[in-house]
Amino acid sequence: MSPGEASAVGVMPATRSRAGRTVREPVADPTCAAAVDLARAAAIVEAGDEAAVGEHLGCDAEGDRIVLHRFACRSASYPGWTWTVVVTRASRVRKVTVDDVVLMPGDGALLAPAWVPWSERLRPGDVGVGDLLPTAIDDPRLTLRAEDVEELVDTDNFVELGLGRPRVLSAAGREEAVERWYAGDAGPSASIAKVAPASCLTCGFHVRLAGALGRLFGVCANELAPDDGRVTAIDHGCGAHSEALVAPSAHPESVVFDEDPSDLEPTDVELVAVTAHPPGSVSDTEPDEQSADAIGPEPYGHS
(Lines give C-alpha, C1' and ligand atoms only; values in the text may rest on other atoms or scores of the structure.)
Protein backbone atom coordinates (compact mmCIF):
# COMPACT_ATOMS: atom_id res chain seq x y z
CA MET A 1 0.00 0.00 0.00
CA SER A 2 1.42 3.37 -1.01
CA PRO A 3 1.51 6.36 1.38
CA GLY A 4 -1.23 8.06 -0.63
CA GLU A 5 -3.50 5.02 -0.41
CA ALA A 6 -2.82 4.71 3.31
CA SER A 7 -3.86 8.32 3.88
CA ALA A 8 -7.01 7.81 1.85
CA VAL A 9 -8.26 5.05 4.15
CA GLY A 10 -7.27 6.91 7.36
CA VAL A 11 -4.23 4.87 8.28
CA MET A 12 -1.21 6.85 9.50
CA PRO A 13 1.82 6.23 7.28
CA ALA A 14 4.74 4.55 8.96
CA THR A 15 8.13 6.21 9.20
CA ARG A 16 11.46 4.50 9.46
CA SER A 17 13.92 5.43 12.21
CA ARG A 18 17.69 5.56 11.87
CA ALA A 19 17.96 2.12 13.43
CA GLY A 20 15.78 0.74 10.65
CA ARG A 21 12.75 0.09 12.86
CA THR A 22 9.32 1.31 11.85
CA VAL A 23 8.00 4.14 14.06
CA ARG A 24 4.35 5.17 13.90
CA GLU A 25 3.07 8.60 14.73
CA PRO A 26 0.87 8.55 17.87
CA VAL A 27 -2.86 8.54 17.25
CA ALA A 28 -5.25 10.19 19.68
CA ASP A 29 -7.14 7.62 21.71
CA PRO A 30 -10.88 8.12 20.99
CA THR A 31 -11.91 7.63 24.62
CA CYS A 32 -9.32 10.09 25.93
CA ALA A 33 -10.09 12.57 23.16
CA ALA A 34 -13.78 12.52 24.11
CA ALA A 35 -13.04 13.40 27.78
CA VAL A 36 -13.37 17.16 27.19
CA ASP A 37 -15.66 17.79 30.17
CA LEU A 38 -13.33 15.90 32.51
CA ALA A 39 -10.36 17.92 31.28
CA ARG A 40 -12.23 21.23 31.62
CA ALA A 41 -13.24 20.42 35.19
CA ALA A 42 -9.62 19.70 36.07
CA ALA A 43 -8.51 23.01 34.50
CA ILE A 44 -11.14 24.92 36.50
CA VAL A 45 -9.95 23.32 39.73
CA GLU A 46 -6.35 24.29 38.94
CA ALA A 47 -7.29 27.86 37.91
CA GLY A 48 -9.55 28.37 40.91
CA ASP A 49 -12.04 30.28 38.79
CA GLU A 50 -14.40 28.95 36.14
CA ALA A 51 -14.20 32.23 34.21
CA ALA A 52 -10.43 31.75 33.78
CA VAL A 53 -10.94 28.70 31.54
CA GLY A 54 -12.15 29.47 28.02
CA GLU A 55 -13.15 27.45 24.98
CA HIS A 56 -11.71 24.09 24.03
CA LEU A 57 -8.90 24.62 21.48
CA GLY A 58 -8.42 20.99 20.50
CA CYS A 59 -6.42 17.98 21.58
CA ASP A 60 -3.16 16.31 20.59
CA ALA A 61 -1.89 12.76 20.99
CA GLU A 62 1.13 12.59 23.23
CA GLY A 63 1.48 8.81 23.17
CA ASP A 64 -0.54 5.61 23.41
CA ARG A 65 -3.73 6.47 25.31
CA ILE A 66 -2.26 9.85 26.35
CA VAL A 67 -4.04 12.97 25.07
CA LEU A 68 -3.42 16.69 25.73
CA HIS A 69 -6.57 18.86 25.87
CA ARG A 70 -6.02 22.59 25.40
CA PHE A 71 -8.29 25.38 26.70
CA ALA A 72 -7.98 29.12 26.27
CA CYS A 73 -6.82 31.01 29.35
CA ARG A 74 -9.09 33.97 30.16
CA SER A 75 -7.01 35.27 33.05
CA ALA A 76 -5.92 38.87 32.52
CA SER A 77 -2.52 37.97 33.96
CA TYR A 78 -1.78 35.36 31.26
CA PRO A 79 -2.84 36.64 27.83
CA GLY A 80 -2.01 34.20 25.05
CA TRP A 81 -1.53 31.23 27.40
CA THR A 82 -3.48 27.95 27.31
CA TRP A 83 -4.57 25.46 29.93
CA THR A 84 -3.15 22.07 28.97
CA VAL A 85 -4.72 19.01 30.61
CA VAL A 86 -3.09 15.60 30.20
CA VAL A 87 -5.56 12.68 30.33
CA THR A 88 -4.88 9.00 29.98
CA ARG A 89 -6.34 5.56 30.61
CA ALA A 90 -4.90 2.15 31.31
CA SER A 91 -4.97 -0.65 28.77
CA ARG A 92 -8.37 -2.38 28.54
CA VAL A 93 -9.85 0.23 30.94
CA ARG A 94 -12.50 2.64 29.66
CA LYS A 95 -12.21 5.08 32.57
CA VAL A 96 -10.16 8.17 31.77
CA THR A 97 -8.12 9.86 34.49
CA VAL A 98 -6.38 13.25 34.68
CA ASP A 99 -2.60 13.01 34.77
CA ASP A 100 -1.54 16.68 34.92
CA VAL A 101 -2.76 20.26 34.45
CA VAL A 102 -0.31 22.94 33.34
CA LEU A 103 -0.45 26.46 31.95
CA MET A 104 1.47 26.63 28.68
CA PRO A 105 2.45 29.70 26.62
CA GLY A 106 0.86 30.03 23.21
CA ASP A 107 1.31 32.35 20.28
CA GLY A 108 1.69 35.92 21.49
CA ALA A 109 2.06 34.89 25.12
CA LEU A 110 3.84 37.29 27.42
CA LEU A 111 7.01 35.52 28.53
CA ALA A 112 9.74 36.40 30.99
CA PRO A 113 12.98 37.57 29.36
CA ALA A 114 15.75 35.06 28.86
CA TRP A 115 17.74 34.41 32.00
CA VAL A 116 21.03 36.26 32.13
CA PRO A 117 23.76 35.42 34.67
CA TRP A 118 24.20 37.99 37.42
CA SER A 119 27.76 38.67 36.26
CA GLU A 120 26.39 39.90 32.92
CA ARG A 121 23.53 41.89 34.48
CA LEU A 122 25.77 44.06 36.65
CA ARG A 123 26.17 47.67 35.66
CA PRO A 124 28.53 50.38 36.95
CA GLY A 125 27.24 51.69 40.27
CA ASP A 126 25.27 48.55 41.21
CA VAL A 127 27.61 47.67 44.08
CA GLY A 128 26.37 49.48 47.17
CA VAL A 129 27.29 49.70 50.84
CA GLY A 130 27.95 46.23 52.24
CA ASP A 131 27.76 44.47 48.85
CA LEU A 132 30.46 42.00 47.87
CA LEU A 133 31.33 41.56 44.20
CA PRO A 134 33.10 38.27 43.41
CA THR A 135 35.85 38.28 40.80
CA ALA A 136 36.31 35.22 38.59
CA ILE A 137 39.62 33.42 38.91
CA ASP A 138 40.07 33.77 35.14
CA ASP A 139 38.89 37.38 34.87
CA PRO A 140 40.61 38.70 31.70
CA ARG A 141 41.01 42.13 33.30
CA LEU A 142 43.49 40.72 35.82
CA THR A 143 46.81 38.98 35.48
CA LEU A 144 49.48 37.47 37.70
CA ARG A 145 52.06 39.53 39.53
CA ALA A 146 55.58 39.78 38.16
CA GLU A 147 56.74 37.33 40.84
CA ASP A 148 54.38 34.68 39.44
CA VAL A 149 55.33 35.15 35.81
CA GLU A 150 58.00 32.67 34.79
CA GLU A 151 59.01 34.31 31.54
CA LEU A 152 58.65 38.00 30.76
CA VAL A 153 57.81 38.85 27.16
CA ASP A 154 57.92 42.07 25.20
CA THR A 155 54.97 43.48 27.19
CA ASP A 156 57.15 44.30 30.20
CA ASN A 157 55.47 47.71 30.44
CA PHE A 158 52.31 46.00 31.60
CA VAL A 159 53.98 43.94 34.33
CA GLU A 160 53.65 45.18 37.91
CA LEU A 161 55.33 43.89 41.03
CA GLY A 162 52.06 43.41 42.88
CA LEU A 163 52.99 45.00 46.21
CA GLY A 164 51.09 42.48 48.31
CA ARG A 165 48.32 41.88 45.77
CA PRO A 166 47.80 38.39 44.33
CA ARG A 167 46.77 39.80 40.93
CA VAL A 168 47.17 43.07 39.04
CA LEU A 169 45.61 44.65 35.97
CA SER A 170 46.30 42.86 32.73
CA ALA A 171 46.88 44.61 29.42
CA ALA A 172 43.25 43.96 28.48
CA GLY A 173 41.95 45.28 31.80
CA ARG A 174 44.08 48.42 31.50
CA GLU A 175 42.92 49.08 27.94
CA GLU A 176 39.26 48.72 28.95
CA ALA A 177 39.73 51.19 31.78
CA VAL A 178 41.51 53.68 29.53
CA GLU A 179 38.77 53.53 26.88
CA ARG A 180 36.02 53.84 29.49
CA TRP A 181 37.56 56.77 31.36
CA TYR A 182 38.72 58.67 28.28
CA ALA A 183 35.32 58.43 26.58
CA GLY A 184 33.37 59.32 29.73
CA ASP A 185 32.88 62.42 31.85
CA ALA A 186 36.57 62.41 32.80
CA GLY A 187 37.79 62.73 29.22
CA PRO A 188 38.30 65.65 26.85
CA SER A 189 34.87 65.26 25.27
CA ALA A 190 32.97 66.24 28.43
CA SER A 191 31.02 69.48 28.15
CA ILE A 192 32.90 71.07 31.05
CA ALA A 193 36.24 70.22 29.43
CA LYS A 194 35.33 71.83 26.11
CA VAL A 195 34.85 75.26 27.72
CA ALA A 196 37.65 74.95 30.29
CA PRO A 197 40.36 77.65 30.19
CA ALA A 198 43.15 75.04 30.27
CA SER A 199 43.69 71.29 30.61
CA CYS A 200 44.43 69.22 33.70
CA LEU A 201 47.96 68.69 32.42
CA THR A 202 48.92 72.21 33.49
CA CYS A 203 46.81 72.35 36.66
CA GLY A 204 48.56 72.35 40.01
CA PHE A 205 45.77 70.31 41.57
CA HIS A 206 46.22 67.44 39.11
CA VAL A 207 48.05 64.50 40.72
CA ARG A 208 49.31 62.09 38.08
CA LEU A 209 48.74 58.36 38.50
CA ALA A 210 51.72 56.03 38.82
CA GLY A 211 52.63 53.49 36.19
CA ALA A 212 51.38 53.26 32.63
CA LEU A 213 48.01 54.88 33.43
CA GLY A 214 49.84 58.01 34.57
CA ARG A 215 50.65 58.78 30.96
CA LEU A 216 47.04 59.77 30.39
CA PHE A 217 45.34 60.17 33.77
CA GLY A 218 45.60 61.71 37.18
CA VAL A 219 43.42 62.54 40.18
CA CYS A 220 41.92 65.94 40.89
CA ALA A 221 42.85 67.28 44.35
CA ASN A 222 40.87 70.54 44.26
CA GLU A 223 38.02 70.31 46.75
CA LEU A 224 36.12 73.04 44.88
CA ALA A 225 36.36 71.31 41.50
CA PRO A 226 33.52 69.07 40.24
CA ASP A 227 35.98 66.16 39.80
CA ASP A 228 37.59 66.34 43.24
CA GLY A 229 38.91 62.90 44.18
CA ARG A 230 38.17 61.46 40.72
CA VAL A 231 40.35 60.25 37.88
CA THR A 232 40.56 62.69 34.96
CA ALA A 233 42.44 62.65 31.69
CA ILE A 234 45.36 65.03 31.28
CA ASP A 235 43.44 66.81 28.49
CA HIS A 236 40.30 67.10 30.61
CA GLY A 237 39.65 70.44 32.28
CA CYS A 238 37.29 72.65 34.26
CA GLY A 239 36.94 76.20 35.50
CA ALA A 240 38.74 75.40 38.76
CA HIS A 241 42.12 75.19 37.00
CA SER A 242 44.87 76.49 39.28
CA GLU A 243 46.01 79.07 36.71
CA ALA A 244 42.63 80.06 35.28
CA LEU A 245 42.46 83.22 37.38
CA VAL A 246 45.17 84.12 39.88
CA ALA A 247 43.70 86.36 42.58
CA PRO A 248 45.57 88.39 45.23
CA SER A 249 46.66 86.33 48.19
CA ALA A 250 43.88 85.44 50.56
CA HIS A 251 46.51 85.31 53.31
CA PRO A 252 48.93 88.25 52.67
CA GLU A 253 52.12 88.49 54.67
CA SER A 254 52.04 90.97 57.48
CA VAL A 255 53.98 94.23 57.01
CA VAL A 256 56.96 94.44 59.35
CA PHE A 257 57.03 97.81 61.19
CA ASP A 258 60.48 99.37 61.33
CA GLU A 259 60.83 101.83 64.19
CA ASP A 260 64.16 103.15 62.85
CA PRO A 261 63.74 104.24 59.23
CA SER A 262 67.15 105.94 59.14
CA ASP A 263 68.61 103.21 56.94
CA LEU A 264 66.05 103.67 54.16
CA GLU A 265 67.18 105.00 50.83
CA PRO A 266 65.30 107.92 49.29
CA THR A 267 63.86 105.62 46.67
CA ASP A 268 62.51 103.15 49.22
CA VAL A 269 59.70 105.38 50.47
CA GLU A 270 57.27 107.48 48.51
CA LEU A 271 55.75 110.32 50.51
CA VAL A 272 52.05 110.86 49.82
CA ALA A 273 50.13 113.81 51.21
CA VAL A 274 47.12 112.71 53.24
CA THR A 275 44.48 115.01 54.73
CA ALA A 276 44.01 114.24 58.37
CA HIS A 277 40.53 113.34 59.60
CA PRO A 278 39.21 112.42 62.99
CA PRO A 279 39.01 108.65 63.55
CA GLY A 280 35.94 107.16 61.94
CA SER A 281 35.24 110.17 59.72
CA VAL A 282 34.56 110.00 55.98
CA SER A 283 35.94 111.92 53.01
CA ASP A 284 35.18 115.64 52.76
CA THR A 285 34.08 115.31 49.16
CA GLU A 286 30.56 114.27 48.27
CA PRO A 287 30.05 111.04 46.24
CA ASP A 288 28.92 112.99 43.17
CA GLU A 289 32.08 115.15 43.32
CA GLN A 290 34.41 112.15 42.92
CA SER A 291 35.98 111.79 39.51
CA ALA A 292 34.83 109.05 37.17
CA ASP A 293 38.29 107.50 37.39
CA ALA A 294 37.90 107.02 41.12
CA ILE A 295 34.75 104.96 40.74
CA GLY A 296 34.83 101.54 39.19
CA PRO A 297 34.03 97.90 39.78
CA GLU A 298 36.08 95.81 42.11
CA PRO A 299 38.54 93.38 40.56
CA TYR A 300 37.44 89.95 39.24
CA GLY A 301 33.89 90.93 38.45
CA HIS A 302 32.73 92.01 41.93
CA SER A 303 30.81 95.25 42.23
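- F71 and L38 fall within a single hydrophobic cluster, where Ile, Leu, Val, Met, Phe, Trp and Tyr are joined by side-chain heavy atoms under 4.5 Å apart, directly or via other members.
- Distance CG/L57 to OG1/T82: 6.5 Å, rounded to 0.5 Å.
- Between D126 and R121, no side-chain nitrogen of the basic residue sits less than 4.0 Å from a carboxylate oxygen of the acidic one, so the salt-bridge criterion is not met.
- Taking 4.5 Å as the limit, every side-chain heavy atom of M104 sits out of range of all side-chain heavy atoms of L68.
- Residues T31 and V96 are in side-chain contact: their nearest non-hydrogen atoms beyond the backbone lie under 4.5 Å apart.
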Item to check | Full working for side-chain contact (heavy atoms from CB on, under 4.5 Å) between R208 and L216 | outcome: CA-CA 8 Å; R208 297 290 288 272; L216 287 176; over 6 Å; no

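- The local environment of CG in N222 is crowded, with over 12 non-hydrogen atoms from other residues, nucleotides or ligands closer than 6.0 Å.
- Put simply, the side chain of Y78 does not reach to within 4.5 Å of the side chain of L110, judged on heavy atoms.
- More than 12 heavy atoms of other shown residues, nucleotides or ligands fall within 6.0 angstrom of atom CD in E176.
- Connection of V178 to V219 is established within a shared hydrophobic cluster, with ILVMFWY side chains joined at heavy-atom distances below 4.5 Å, either directly or through further cluster members.
- Contact between A52 and W83 at its shortest, heavy atoms only, is O-NE1, 3.2 Å.
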Next on the checklist: Run the side-chain contact (heavy atoms from CB on, under 4.5 Å) test on R65 and S91 for me, step by step, so that the C-alpha distance in whole Å, both residues' side-chain angles and the decisive distance to 0.1 Å come before the verdict.
Outcome noted: CA-CA 8 Å; R65 297 181 300 279; S91 178; 3.8 Å; yes

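- Between K194 and P188 the shortest heavy-atom distance is CG-O, 4.0 Å.
- The number of heavy atoms from other shown groups lying within 6.0 Å of CG (D64) does not exceed 12.
- Checking T202 against H241 by side-chain atom types alone, a donor-acceptor pair falls below 3.5 Å.
- The CG atom of D100 sits 12.0 Å away from the OG1 atom of T88 when rounded to the nearest 0.5 Å.
- Connection of L213 to Y182 is established within a shared hydrophobic cluster, with ILVMFWY side chains joined at heavy-atom distances below 4.5 Å, either directly or through further cluster members.
- For the residue pair T97 / R89, no side-chain donor-acceptor distance below 3.5 Å is found, with atom types taken as modelled.
- Across every non-hydrogen atom of T232 and H206, the tightest pair is OG1-CE1, 3.3 Å.
- The side-chain heavy atoms of V87 and H69, taken from C-beta on, include a pair separated by under 4.5 Å.
- Across all non-hydrogen atoms, the minimal contact from D185 to H236 is O-CE1, 3.1 Å.
- Counting non-hydrogen atoms of other residues, nucleotides and ligands closer than 6.0 Å to CG of D37 gives a total of 12 or fewer.
- Without hydrogens or angle criteria, S242 side chain to G204 main chain gives a donor-acceptor distance under 3.5 Å.
- Listed here is the closest heavy atom pair of L111 and P105: CD2-CB, 3.4 Å.
- Contact annotation: the side chain of C73 approaches that of L103 to within less than 4.5 Å [non-hydrogen atoms, C-beta and beyond].
- Rounded to the nearest 0.5 angstrom, S199 OG and D235 CG are separated by 7.0 Å.
- Side-chain heavy atoms closer than 4.5 Å link hydrophobic residues (I, L, V, M, F, W, Y) into clusters, and following such links, possibly through other members, connects V36 to I44.
- Distance check: T84 OG1 to D60 CG gives 9.0 Å after rounding to the nearest 0.5 Å.
- Closest heavy-atom contact between D227 and C220: O-CB, 3.2 Å.
- Connection of W81 to V85 is established within a shared hydrophobic cluster, with ILVMFWY side chains joined at heavy-atom distances below 4.5 Å, either directly or through further cluster members.
- Using bins of under 30°, 30° to 60° and over 60° for the plane-to-plane angle, the ring pair W181/F217 lands in the perpendicular bin.
- A side-chain donor-acceptor contact under 3.5 Å links R40 to the backbone of G54.
- Taking a cutoff of 4.0 Å between a charged side-chain nitrogen and a carboxylate oxygen, R74 and E55 qualify as a salt bridge.
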